[in-house]
Amino acid sequence: MWKKPKLLDHQIVGITSFEATPFVFHDRIYLLENFHRSAMFPQQPPQYRFHEDGCLIRDLETDTILAYPWLNHYFSTVTVHENEIWLFGGDYGWNQPWWEIRELQVIRSRNLTSWSEPEVVLRAGEGEHLFNNAVVYNGHSFIMLYETDDLRWPKFTFRFAESHDLIHWEKLPENAIYGQDKYVGGPALYFVDGFYYVLYLAALGNGCWETRITRSRNLIDWEDAPPDRPFLTFDPSRETDPAGHPGVMECNASDAELIVWHDEVHIWWNGGDQLCCGDLQRARFPGTLKQLLEAYFEK
(Lines give C-alpha, C1' and ligand atoms only; values in the text may rest on other atoms or scores of the structure.)
Protein backbone atom coordinates (compact mmCIF):
# COMPACT_ATOMS: atom_id res chain seq x y z
CA MET A 1 0.00 0.00 0.00
CA TRP A 2 1.23 3.46 -0.89
CA LYS A 3 2.31 5.60 2.06
CA LYS A 4 1.77 9.35 1.78
CA PRO A 5 4.81 11.46 2.83
CA LYS A 6 4.24 12.78 6.32
CA LEU A 7 4.30 16.55 6.77
CA LEU A 8 5.24 17.97 10.16
CA ASP A 9 4.43 21.15 12.07
CA HIS A 10 1.42 22.15 10.00
CA GLN A 11 0.41 25.67 10.96
CA ILE A 12 -1.77 28.56 9.84
CA VAL A 13 0.49 31.52 9.09
CA GLY A 14 -2.12 34.22 8.52
CA ILE A 15 -5.31 35.25 6.81
CA THR A 16 -4.67 35.87 3.13
CA SER A 17 -5.84 34.61 -0.24
CA PHE A 18 -2.98 35.80 -2.44
CA GLU A 19 -0.10 33.93 -4.06
CA ALA A 20 3.09 33.81 -1.98
CA THR A 21 6.56 32.47 -2.83
CA PRO A 22 9.09 31.57 -0.11
CA PHE A 23 12.76 31.83 -1.03
CA VAL A 24 16.15 31.48 0.62
CA PHE A 25 18.70 34.28 0.27
CA HIS A 26 22.02 34.15 2.14
CA ASP A 27 20.68 31.28 4.29
CA ARG A 28 17.65 33.24 5.45
CA ILE A 29 14.00 32.62 4.55
CA TYR A 30 11.93 35.38 3.00
CA LEU A 31 8.41 35.46 1.63
CA LEU A 32 7.29 37.25 -1.51
CA GLU A 33 3.60 38.12 -1.10
CA ASN A 34 1.33 39.33 -3.89
CA PHE A 35 -1.50 41.62 -2.85
CA HIS A 36 -4.62 43.28 -4.27
CA ARG A 37 -5.22 46.84 -3.06
CA SER A 38 -8.94 46.03 -3.08
CA ALA A 39 -8.38 43.85 0.00
CA MET A 40 -8.36 47.08 2.01
CA PHE A 41 -11.85 47.89 0.70
CA PRO A 42 -14.02 44.83 1.42
CA GLN A 43 -17.09 46.26 -0.30
CA GLN A 44 -15.27 46.81 -3.60
CA PRO A 45 -14.64 44.30 -6.44
CA PRO A 46 -11.15 42.74 -6.78
CA GLN A 47 -10.22 45.05 -9.66
CA TYR A 48 -10.78 48.17 -7.53
CA ARG A 49 -7.67 50.42 -7.76
CA PHE A 50 -5.85 47.53 -9.46
CA HIS A 51 -2.95 49.74 -10.57
CA GLU A 52 -1.96 49.71 -6.88
CA ASP A 53 -1.70 45.91 -6.82
CA GLY A 54 1.83 44.63 -6.30
CA CYS A 55 4.02 42.53 -4.03
CA LEU A 56 6.09 42.83 -0.88
CA ILE A 57 9.04 40.96 0.60
CA ARG A 58 8.85 39.86 4.23
CA ASP A 59 11.67 38.66 6.49
CA LEU A 60 10.02 35.66 8.14
CA GLU A 61 12.35 35.55 11.13
CA THR A 62 11.51 39.10 12.23
CA ASP A 63 8.13 39.43 10.46
CA THR A 64 9.42 42.67 8.94
CA ILE A 65 8.47 44.00 5.51
CA LEU A 66 11.70 44.89 3.70
CA ALA A 67 10.54 46.06 0.30
CA TYR A 68 7.68 46.79 -2.07
CA PRO A 69 9.59 45.98 -5.30
CA TRP A 70 6.88 47.16 -7.70
CA LEU A 71 3.23 48.12 -8.08
CA ASN A 72 0.91 47.78 -11.08
CA HIS A 73 2.10 44.17 -11.36
CA TYR A 74 0.70 40.83 -10.24
CA PHE A 75 1.55 37.10 -10.36
CA SER A 76 5.04 37.91 -9.06
CA THR A 77 7.45 35.07 -8.26
CA VAL A 78 11.10 34.87 -7.16
CA THR A 79 14.09 32.93 -8.47
CA VAL A 80 17.47 33.17 -6.73
CA HIS A 81 20.54 32.50 -8.88
CA GLU A 82 24.18 33.18 -8.01
CA ASN A 83 23.31 35.43 -5.05
CA GLU A 84 20.96 37.57 -7.11
CA ILE A 85 17.18 37.79 -6.76
CA TRP A 86 15.17 37.71 -9.98
CA LEU A 87 11.55 38.79 -9.58
CA PHE A 88 9.19 37.92 -12.43
CA GLY A 89 5.65 39.22 -12.75
CA GLY A 90 2.87 40.39 -15.04
CA ASP A 91 2.71 44.07 -15.97
CA TYR A 92 -0.82 45.54 -15.86
CA GLY A 93 0.10 48.36 -18.24
CA TRP A 94 -1.96 51.55 -18.25
CA ASN A 95 -4.42 51.28 -21.12
CA GLN A 96 -5.78 47.78 -20.70
CA PRO A 97 -8.36 46.12 -18.41
CA TRP A 98 -7.52 44.38 -15.17
CA TRP A 99 -5.82 40.97 -15.58
CA GLU A 100 -5.44 41.36 -19.35
CA ILE A 101 -1.68 41.07 -18.97
CA ARG A 102 0.30 41.27 -22.19
CA GLU A 103 3.86 41.20 -20.83
CA LEU A 104 5.87 39.34 -18.20
CA GLN A 105 8.73 41.44 -16.83
CA VAL A 106 11.70 40.94 -14.53
CA ILE A 107 13.55 43.08 -12.00
CA ARG A 108 16.56 42.00 -9.97
CA SER A 109 18.42 42.84 -6.78
CA ARG A 110 21.42 41.76 -4.73
CA ASN A 111 20.27 43.33 -1.47
CA LEU A 112 16.42 43.17 -1.42
CA THR A 113 16.12 46.96 -1.37
CA SER A 114 17.68 48.28 -4.60
CA TRP A 115 16.02 46.98 -7.75
CA SER A 116 16.83 47.23 -11.45
CA GLU A 117 14.47 48.74 -13.99
CA PRO A 118 11.85 46.31 -15.37
CA GLU A 119 12.77 44.38 -18.52
CA VAL A 120 10.27 42.54 -20.72
CA VAL A 121 10.98 38.80 -20.83
CA LEU A 122 7.84 37.42 -22.52
CA ARG A 123 5.07 38.92 -24.66
CA ALA A 124 1.64 37.44 -25.22
CA GLY A 125 0.55 36.38 -28.67
CA GLU A 126 -2.40 37.87 -30.49
CA GLY A 127 -5.54 37.67 -28.36
CA GLU A 128 -3.58 36.02 -25.53
CA HIS A 129 -3.02 37.07 -21.90
CA LEU A 130 -0.49 35.85 -19.33
CA PHE A 131 -0.95 34.91 -15.68
CA ASN A 132 1.06 32.83 -13.17
CA ASN A 133 4.67 31.89 -13.87
CA ALA A 134 7.43 29.72 -12.38
CA VAL A 135 11.13 29.44 -13.24
CA VAL A 136 13.60 26.62 -12.62
CA TYR A 137 17.23 25.91 -13.55
CA ASN A 138 17.93 22.49 -15.07
CA GLY A 139 21.73 22.65 -14.94
CA HIS A 140 22.31 24.20 -18.35
CA SER A 141 19.34 26.52 -19.02
CA PHE A 142 16.34 28.09 -17.32
CA ILE A 143 12.80 26.92 -17.99
CA MET A 144 9.77 29.13 -17.40
CA LEU A 145 6.26 27.79 -17.00
CA TYR A 146 3.61 30.39 -17.75
CA GLU A 147 -0.19 30.31 -17.83
CA THR A 148 -2.04 31.35 -20.97
CA ASP A 149 -5.64 31.99 -21.97
CA ASP A 150 -5.00 31.15 -25.63
CA LEU A 151 -8.48 30.25 -26.86
CA ARG A 152 -7.26 26.95 -28.32
CA TRP A 153 -7.00 25.52 -24.80
CA PRO A 154 -8.67 25.93 -21.39
CA LYS A 155 -7.81 29.10 -19.52
CA PHE A 156 -4.58 28.84 -17.51
CA THR A 157 -3.09 26.05 -19.66
CA PHE A 158 0.68 25.74 -19.02
CA ARG A 159 3.17 26.67 -21.74
CA PHE A 160 6.96 26.83 -21.48
CA ALA A 161 9.91 29.03 -22.50
CA GLU A 162 13.68 28.68 -22.22
CA SER A 163 16.52 31.11 -21.43
CA HIS A 164 20.24 31.04 -20.77
CA ASP A 165 20.46 34.39 -18.97
CA LEU A 166 17.02 34.89 -17.34
CA ILE A 167 16.38 37.92 -19.58
CA HIS A 168 16.10 36.63 -23.14
CA TRP A 169 13.43 33.94 -23.41
CA GLU A 170 12.26 31.82 -26.31
CA LYS A 171 8.88 30.09 -26.24
CA LEU A 172 9.17 26.34 -26.68
CA PRO A 173 7.18 24.61 -29.44
CA GLU A 174 3.49 24.06 -28.79
CA ASN A 175 3.93 20.37 -28.03
CA ALA A 176 5.62 21.48 -24.77
CA ILE A 177 2.33 22.00 -22.97
CA TYR A 178 0.29 20.76 -20.01
CA GLY A 179 -3.37 21.11 -19.09
CA GLN A 180 -4.84 21.37 -22.58
CA ASP A 181 -7.42 18.72 -21.69
CA LYS A 182 -8.43 19.79 -18.16
CA TYR A 183 -8.41 22.64 -15.69
CA VAL A 184 -5.00 23.49 -14.19
CA GLY A 185 -3.68 26.58 -12.40
CA GLY A 186 -1.50 27.88 -9.59
CA PRO A 187 1.66 26.13 -10.79
CA ALA A 188 5.01 25.47 -9.16
CA LEU A 189 7.96 24.00 -11.11
CA TYR A 190 10.97 21.98 -9.90
CA PHE A 191 13.77 20.03 -11.60
CA VAL A 192 15.11 16.97 -9.78
CA ASP A 193 17.18 14.09 -11.14
CA GLY A 194 16.18 14.58 -14.78
CA PHE A 195 12.48 15.23 -14.15
CA TYR A 196 10.48 18.43 -14.30
CA TYR A 197 7.90 18.25 -11.52
CA VAL A 198 4.83 20.48 -11.68
CA LEU A 199 2.43 21.13 -8.84
CA TYR A 200 -0.95 22.30 -10.13
CA LEU A 201 -4.45 23.03 -8.90
CA ALA A 202 -7.11 20.45 -9.74
CA ALA A 203 -10.83 21.23 -9.75
CA LEU A 204 -12.75 18.41 -8.11
CA GLY A 205 -16.07 19.42 -9.64
CA ASN A 206 -17.90 20.07 -6.37
CA GLY A 207 -16.61 23.53 -5.56
CA CYS A 208 -13.45 22.05 -4.05
CA TRP A 209 -9.81 22.30 -5.12
CA GLU A 210 -6.64 20.40 -4.30
CA THR A 211 -3.02 20.45 -5.43
CA ARG A 212 -1.81 17.52 -7.53
CA ILE A 213 1.52 16.63 -9.08
CA THR A 214 2.76 15.58 -12.51
CA ARG A 215 6.21 15.14 -14.04
CA SER A 216 8.02 14.97 -17.37
CA ARG A 217 11.52 14.51 -18.71
CA ASN A 218 10.94 16.60 -21.84
CA LEU A 219 7.93 18.89 -21.07
CA ILE A 220 6.00 16.97 -23.75
CA ASP A 221 5.20 13.55 -22.31
CA TRP A 222 3.65 13.75 -18.85
CA GLU A 223 3.13 11.24 -16.05
CA ASP A 224 0.42 12.22 -13.59
CA ALA A 225 0.48 10.89 -10.06
CA PRO A 226 -2.59 8.72 -9.37
CA PRO A 227 -5.65 10.88 -8.56
CA ASP A 228 -5.91 9.33 -5.09
CA ARG A 229 -2.46 10.77 -4.27
CA PRO A 230 -3.04 14.54 -4.06
CA PHE A 231 0.06 16.50 -3.11
CA LEU A 232 -2.03 18.71 -0.81
CA THR A 233 -5.70 18.58 0.01
CA PHE A 234 -8.08 20.47 2.31
CA ASP A 235 -9.65 19.68 5.66
CA PRO A 236 -13.45 19.78 5.16
CA SER A 237 -14.00 19.74 8.92
CA ARG A 238 -12.04 22.96 9.43
CA GLU A 239 -13.75 26.34 9.67
CA THR A 240 -11.47 28.75 7.81
CA ASP A 241 -12.35 32.07 9.46
CA PRO A 242 -14.80 31.57 12.34
CA ALA A 243 -14.71 35.23 13.40
CA GLY A 244 -15.10 36.85 10.00
CA HIS A 245 -16.97 34.16 8.04
CA PRO A 246 -18.61 31.69 10.43
CA GLY A 247 -19.69 28.43 8.87
CA VAL A 248 -17.36 28.60 5.87
CA MET A 249 -15.55 25.25 5.77
CA GLU A 250 -12.22 24.69 4.05
CA CYS A 251 -12.51 23.33 0.50
CA ASN A 252 -9.27 24.51 -1.10
CA ALA A 253 -5.53 23.75 -1.02
CA SER A 254 -3.88 25.80 -3.75
CA ASP A 255 -0.78 27.75 -4.87
CA ALA A 256 1.72 25.36 -3.31
CA GLU A 257 5.40 26.37 -3.18
CA LEU A 258 8.45 24.44 -1.93
CA ILE A 259 11.87 25.50 -0.70
CA VAL A 260 14.80 23.52 0.71
CA TRP A 261 16.31 24.93 3.88
CA HIS A 262 18.56 23.21 6.42
CA ASP A 263 18.14 19.79 4.80
CA GLU A 264 14.35 19.88 4.92
CA VAL A 265 11.60 20.80 2.48
CA HIS A 266 9.30 23.61 3.56
CA ILE A 267 5.85 23.65 1.95
CA TRP A 268 3.61 26.73 1.71
CA TRP A 269 0.06 26.91 0.33
CA ASN A 270 -3.28 28.72 0.45
CA GLY A 271 -6.28 27.23 2.23
CA GLY A 272 -9.83 28.50 2.61
CA ASP A 273 -12.55 28.38 -0.01
CA GLN A 274 -11.21 30.55 -2.92
CA LEU A 275 -14.27 32.81 -2.60
CA CYS A 276 -14.80 34.80 0.58
CA CYS A 277 -11.85 33.84 2.76
CA GLY A 278 -8.50 32.13 2.71
CA ASP A 279 -5.34 31.67 4.71
CA LEU A 280 -1.65 30.95 4.25
CA GLN A 281 -0.44 27.61 5.61
CA ARG A 282 2.91 25.92 5.97
CA ALA A 283 4.46 22.59 6.95
CA ARG A 284 7.79 20.81 6.56
CA PHE A 285 8.98 17.48 5.23
CA PRO A 286 11.98 15.96 7.05
CA GLY A 287 13.79 14.70 3.96
CA THR A 288 15.05 15.74 0.56
CA LEU A 289 13.12 17.31 -2.27
CA LYS A 290 13.81 14.21 -4.36
CA GLN A 291 12.33 11.93 -1.70
CA LEU A 292 9.22 14.06 -1.38
CA LEU A 293 8.46 14.43 -5.09
CA GLU A 294 9.33 10.87 -6.12
CA ALA A 295 7.11 9.42 -3.40
CA TYR A 296 3.93 10.28 -5.37
CA PHE A 297 5.07 8.14 -8.31
CA GLU A 298 6.04 4.96 -6.47
CA LYS A 299 4.66 1.90 -8.20
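Hydrogens, waters and symmetry mates are skipped; everything else that's a heavy atom, side chains included, is used. In this chain, residues are counted from 1 in sequence order.
Electrostatic pairing of K155 and D149 does not count as a salt bridge here, judged by no charged N lying under 4.0 Å from a carboxylate O. Ionic pairing of K290 and D193 is present here: one or more N-O contacts between side-chain nitrogen and carboxylate oxygen are shorter than 4.0 angstrom. Under a 4.0 Å N-O distance rule, the pair R212/E210 qualifies as a salt bridge. Between R229 and D224 there is no salt bridge, since no side-chain N of the basic residue sits under 4.0 Å from a carboxylate O of the acidic one. The pair D63-R58 counts as a salt bridge, with a side-chain nitrogen and a carboxylate oxygen less than 4.0 angstrom apart. Salt bridge status for E294 with R215: absent, with no side-chain N to carboxylate O gap under 4.0 Å.
Linking ILVMFWY residues whenever their side-chain heavy atoms come closer than 4.5 Å, directly or via other members, places V184 and L219 in the same cluster. L145 and L122 are members of different hydrophobic clusters when ILVMFWY side chains are connected at heavy-atom separations under 4.5 Å. Linking ILVMFWY residues whenever their side-chain heavy atoms come closer than 4.5 Å, directly or via other members, leaves F285 and V198 in distinct clusters. Linking Ile, Leu, Val, Met, Phe, Trp and Tyr whenever their side-chain heavy atoms come within less than 4.5 Å puts W222 and Y200 in one cluster. F23 and V135 fall into different hydrophobic clusters, where Ile, Leu, Val, Met, Phe, Trp and Tyr residues are linked whenever their side-chain heavy atoms come under 4.5 Å apart, directly or through other members.
The main-chain N or O of G93 is found under 3.5 Å from a side-chain atom of N72 such that the two form a donor-acceptor pair. S76 places no side-chain N or O within donor-acceptor distance of the main-chain N or O of C55, the cut-off being under 3.5 Å. Using a distance-only test at 3.5 Å, with no hydrogens or angles considered, no donor-acceptor pair links the side chain of Q105 to the main chain of D91. The closest donor-acceptor contact from the side chain of E239 to the backbone of G247 lies under 3.5 Å. With hydrogens and angles disregarded, no donor-acceptor distance shorter than 3.5 Å links the side chain of T211 to the backbone of L232. A donor-acceptor contact shorter than 3.5 Å links the side chain of D165 to the backbone of H168. In this structure a side-chain-to-backbone donor-acceptor pair under 3.5 Å is missing from H51 to R49. One N or O on the side chain of T288 and one on the backbone of Q291 form a donor-acceptor pair closer than 3.5 Å. Although no hydrogens or angles enter the test, the distance criterion places no donor-acceptor pair under 3.5 Å between the side chain of R238 and the main chain of C251. In terms of modelled atom types and a separation under 3.5 Å, the side chain of N133 and the main chain of F75 share a donor-acceptor contact.
With values rounded to the nearest 0.5 angstrom, D255 atom CG is found 14.0 Å from W268 atom CH2. The CG atom of D27 lies 4.0 Å from the NE2 atom of H262; values are rounded to the nearest 0.5 Å. The CD1 atom of I267 lies 9.5 Å from the CD1 atom of I259; values are rounded to the nearest 0.5 Å. Here CG of L172 is found 8.5 Å from CZ of F160. Values are rounded to the nearest 0.5 Å. Interatomic distance, S38 OG to Q44 CD, rounded to the nearest 0.5 Å: 8.5 Å. To the nearest 0.5 Å, atoms CG (D279) and CD1 (I12) are separated by 4.5 Å.
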Dump the intermediate steps for ring pair (Phe, Tyr, Trp, His ring centres under 6.0 Å) on Y74 and H36, then the final yes or no.
-> CA-CA 8 Å; Y74 200 71; H36 289 311; 4.3 Å; yes

Verdict with reasoning, L258 to H266, per side-chain contact (heavy atoms from CB on, under 4.5 Å) | CA-CA 6 Å; L258 313 177; H266 292 251; over 6 Å; no

K3 and E298: CA distance, side-chain angles, deciding distance, salt bridge (charged side-chain N to carboxylate O under 4.0 Å, His left out) verdict = CA-CA 9 Å; K3 186 176 181 180; E298 290 178 356; over 6 Å; no

Please walk me through it: do V265 and R284 pass side-chain contact (heavy atoms from CB on, under 4.5 Å)?
-> CA-CA 6 Å; V265 183; R284 64 182 177 87; over 6 Å; no

Verdict with supporting geometry, E250 and N252, side chain to side chain donor-acceptor pair (under 3.5 Å) | CA-CA 6 Å; E250 185 172 69; N252 173 69; over 6 Å; no

Please assess E100 against L130 for the test side-chain contact (heavy atoms from CB on, under 4.5 Å), listing each intermediate value before the final yes or no.
-> CA-CA 7 Å; E100 292 195 4; L130 308 175; over 6 Å; no

Would you please test T64 and D59 for side chain to side chain donor-acceptor pair (under 3.5 Å) and show each step?
-> CA-CA 5 Å; T64 302; D59 183 325; over 6 Å; no

Could you please spell out the steps behind the side-chain contact (heavy atoms from CB on, under 4.5 Å) verdict for L32 and L87?
-> CA-CA 9 Å; L32 171 77; L87 196 158; 4.0 Å; yes

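When the options Y137, Y196, F142 are evaluated for a ring-ring contact (aromatic ring centres under 6.0 Å, His included) with F191, the one that passes is Y196. For the pairing with Y183, the ring-ring contact (aromatic ring centres under 6.0 Å, His included) check across W153, Y178, F158, W209 returns one residue only, W209.
For W99 and F50, the ring centers sit 6.0 Å or farther from each other. Between Y146 and F131, the gap from one ring centroid to the other reaches at least 6.0 Å. Taking the six-membered ring for Trp and the full ring otherwise, the centers of W269 and H10 sit less than 6.0 Å from each other.
Counting non-hydrogen atoms of other residues, nucleotides and ligands closer than 6.0 Å to CG of N175 gives a total above 12. When the shell of 6.0 Å around CZ of R123 is examined, it contains 12 or fewer heavy atoms from other residues, nucleotides or ligands. Annotation for M40: atom CE does not count as buried by contact number, only 12 or fewer foreign heavy atoms lying within 6.0 Å. Taking a 6.0 Å sphere around CD of Q11, one finds it holds more than 12 heavy atoms contributed by other residues, nucleotides or ligands.
Here the shortest heavy-atom pairing between I167 and V121 reads O-CG1, 3.5 Å. The shortest heavy-atom contact between V24 and V260 is CG2-O, 3.9 Å. Between L104 and G90 the shortest heavy-atom distance is CD2-CA, 3.8 Å. In plain terms, the two heavy atoms of Y296 and I213 that are nearest each other are CB-CG2, 3.8 Å. Closest approach of N34 to F18, counting heavy atoms only: O-CB, 3.1 Å. Minimum interatomic distance between C277 and V248 (heavy atoms only, all atoms of both residues): SG-CG1, 3.7 Å.
Side-chain contact check for L204 versus F234: some heavy-atom pair is nearer than 4.5 Å. Looking at heavy atoms from C-beta onward, E257 lies in side-chain contact with Y190 at the 4.5 angstrom threshold.
Between Y68 and F35, the ring planes are perpendicular. Angles over 60° get that label, and only those under 30° would be called parallel. A parallel orientation is assigned to the rings of W86 and F88, their planes being inclined by less than 30° (bins at 30° and 60°).
For the residue pair D150 / T148, no side-chain donor-acceptor distance below 3.5 Å is found, with atom types taken as modelled. Of the N and O atoms on the side chains of E162 and S141, at least one donor lies less than 3.5 Å from an acceptor on the other residue.
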